[in-house]
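Notes follow once the structure below has been shown.
Counting starts at 1 for both ligands and their atoms, in listed order. Here, residue 1 is the first one in the sequence, and each next residue gets the next number.
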Amino acid sequence: MRLADRTAFITGGGRGIGRAVATLFAREGARVFVVARTAAEVGRVAAEIGEACGASAASHAVCDVADSLSVGRAFAAAREFFGRGPDVLVNNAGIAESAKLAETSDEFWHRHLDVNLSGTFYCMREALPEMVARGWGRIVNVASIAGKTGAPYIAAYSASKHGVLGLTRSAALEVARKGVTVNAVCPGYVDTEMTTRAVENIEARTGRSAAESLAAIKGMSPQQRLVTPEEVAALALLLASEDGRGITGQAINVDGGTVLF
Ligand code: NAP
């Protein structure tokens, strides 16, 4: 098992990519703590993992990563559950909405930066000191290929994910000699609720059918398909494991070849 005796704090663990990461990490021997705003979803994921891997394998808390006090409370609960801080932090919580730049309100702009970028920062600030003190730690930030390129109507989302890459690279260099790695994964379109909402959005804006809208999204990938949450989780596992110790400061795409840098 590649994460035996490890502890992992996973944000946005109630569904989609975060759920896949939590499930895989627990199967690989980690004790996991999943957080998100929807209690029923994180509760369900922790219960599923508990059934599969034993009751002490998973716990959960409600947390809004955009609120540093809420993040502090969730880490305190995780420390109580683990008996120490997490060895692995996966910053996966995120939101993605689209709007023309000129129609992007202050609230819309700040919401994307608050959740996607500040939320990642707050969790890193909580987790890093103990990782450095222990001389071992792994941080995996779920960014996006929108953190490397741009696209129409996603200025706020893309800017927030570009910020996550800057945060990742700077933090990686800061702790490079401390046994701690910090990396980002950059998915293309993944088969989750977030993409279902993107499909609905294309339908509403263009009048295309759901099937046509989904085909348009799949067509953006050279592999002509959506990435699965499990594929993103597999990369997160490599980065979180001992095998990933030489990889730091990187932003690795899981996108079927859509972006080649
Ligand atoms: P999803 O199915 O919508 O899941 C998002 C998760 O984040 C949920 O558990 C959600 O729970 C949580 N979350 C959202 N806002 C939060 C907040 N303020 N505090 C705490 N948790 C919060 O989306 P997904 O596709 O799995 O996306 C996961 C990550 O992958 C995101 O960072 C996203 O940007 C990135 N990504 C996704 C795709 C894609 O195509 N799906 C592509 C590239 C990158 P609550 O709503 O209950 O809080």
Quick one: does Ala146 get a heavy atom under 4.0 Å from ligand 1? no

Quick one: look at Val227 and ligand 1, take heavy-atom pairs under 4.0 Å, and tell me if it's side chain, backbone, both or neither. neither

What protein heavy atom sits nearest atom 12 (C) of ligand 1, and how far off is it? Gly12 CA, 3.5 Å

Specify side chain, backbone, both or neither for Thr192, according to which of its non-hydrogen atoms lie closer than 4.0 Å to ligand 1. side chain

Could you tell me, atom by atom, which parts of ligand 1 come under 4.0 Å of a heavy atom of Ser144? 43 (C), 44 (C)

Mind checking whether Phe82 and Phe33 have parallel, tilted or perpendicular rings, split at 30° and 60°? perpendicular

Would Gly188 count as a contact residue for ligand 1, given that I'm defining contact as a non-hydrogen atom of the residue lying under 4.0 Å from a ligand atom? yes

Part of Ala96 within contact of ligand 1 (heavy atoms, under 4.0 Å): neither

Donor-acceptor contacts under 3.5 Å from residues 126-138 side chains, at least two apart:
residue, atom, partner, partner atom, Å
Glu126, OE1, Arg79, NH2, 3.3
Glu130, OE1, Arg79, NE, 3.2
Glu130, OE2, Gly85, N, 2.7
Glu130, OE2, Arg134, NH1, 3.2
Arg134, NE, Asp87, OD1, 3.3
Arg134, NH2, Pro86, O, 3.1
Arg134, NH2, Asp87, OD1, 3.1
Trp136, NE1, Glu242, OE1, 2.8
Arg138, NE, Leu239, O, 3.4
Arg138, NE, Ser241, O, 3.2
Arg138, NH2, Ser241, O, 3.4

Under 4.0 Å from one or more heavy atoms of Thr195, ligand 1 contributes atoms 39 (C), 40 (O), 41 (N)

Using 4.0 Å as the upper bound for N to carboxylate O, is an ion pair formed by Arg19 and Glu48? yes

Quick look: His112 vs ligand 1, heavy-atom contacts under 4.0 Å, and the answer is neither

Suppose we measure from atom 39 (C) of ligand 1 to each protein heavy atom; which comes out shortest, and what is that distance? Val190 N, 3.5 Å

Ligand 1 versus Ala143: contacting region, heavy-atom distance under 4.0 Å: backbone

Pull out every atom of ligand 1 sitting under 4.0 Å from any heavy atom of Val142, numbered as shown with elements. 29 (C), 30 (O), 32 (O), 35 (C)

Is there any N or O on Val115 that sits under 3.5 Å from an N or O of ligand 1? no

Same apolar cluster: Val259 and Met194, side chain cutoff 4.5 Å: no

Side chains of Arg27 and Ile49: closer than 4.5 Å at any heavy-atom pair? no

Suppose we measure from atom 26 (O) of ligand 1 to each protein heavy atom; which comes out shortest, and what is that distance? Ile17 N, 2.9 Å

Option nearest atom 8 (C) of ligand 1 (shortest heavy-atom distance, choices Arg37, Arg197, Arg15): Arg15

Flag yes if Ile217 and Tyr153 sit in one hydrophobic cluster, no otherwise; membership is Ile, Leu, Val, Met, Phe, Trp, Tyr, and two members link when side-chain heavy atoms are under 4.5 Å apart. no

Salt bridge between Glu97 and Arg197, side-chain N to carboxylate O under 4.0 Å? no

Arg208 and Glu203 ion-paired at < 4.0 Å: no

For ligand 1, is there an atom lying under 4.0 Å from some heavy atom of Thr11? no

What protein heavy atom lies closest to atom 27 (O) of ligand 1? Include the residue and the distance to one decimal. Met194 CE, 3.8 Å

Which ligand 1 atoms, with their elements, are less than 4.0 angstrom from a heavy-atom of Thr38? 45 (P), 47 (O)

Report the member of Leu226, Val90, Val65, Val21 with the shortest heavy-atom distance to atom 19 (N) of ligand 1. Val65

I need the atoms of ligand 1 closer than 4.0 Å to a non-hydrogen atom of Tyr189, numbered in the order shown. 40 (O)

Going by the closest heavy atom to atom 43 (C) of ligand 1, which one wins out of Pro187, Gly18, Pro229? Pro187

State whether a side-chain donor-acceptor pair under 3.5 Å links Glu231 with Thr228. yes

Quick one: pull up CG in Asp255 and CG in Leu260 and give me the separation to the nearest 0.5 Å. 7.5 Å

Atom 20 (C) of ligand 1: the protein heavy-atom neighbour that sits closest, reported with distance to 0.1 Å: Cys63 O, 3.1 Å

Heavy atom of the protein closest to atom 36 (N) of ligand 1 (residue, atom name, distance): Tyr157 OH, 3.6 Å

If the contact criterion is a heavy-atom separation under 4.0 Å, does Lys161 count as touching ligand 1? yes

Name the option, out of Ala20, Ala36, Gly119, that contains the heavy atom nearest to atom 11 (O) of ligand 1. Ala36

For atom 13 (N) of ligand 1, find the nearest protein heavy atom and state the residue, atom name and distance (0.1 Å precision). Ala93 CB, 3.9 Å

When only distance counts, is Glu41 in polar contact with ligand 1, meaning an N/O pair under 3.5 Å? no

Distance from atom 29 (C) of ligand 1 to nearest protein heavy atom, with residue and atom: Asn92 O, 3.0 Å

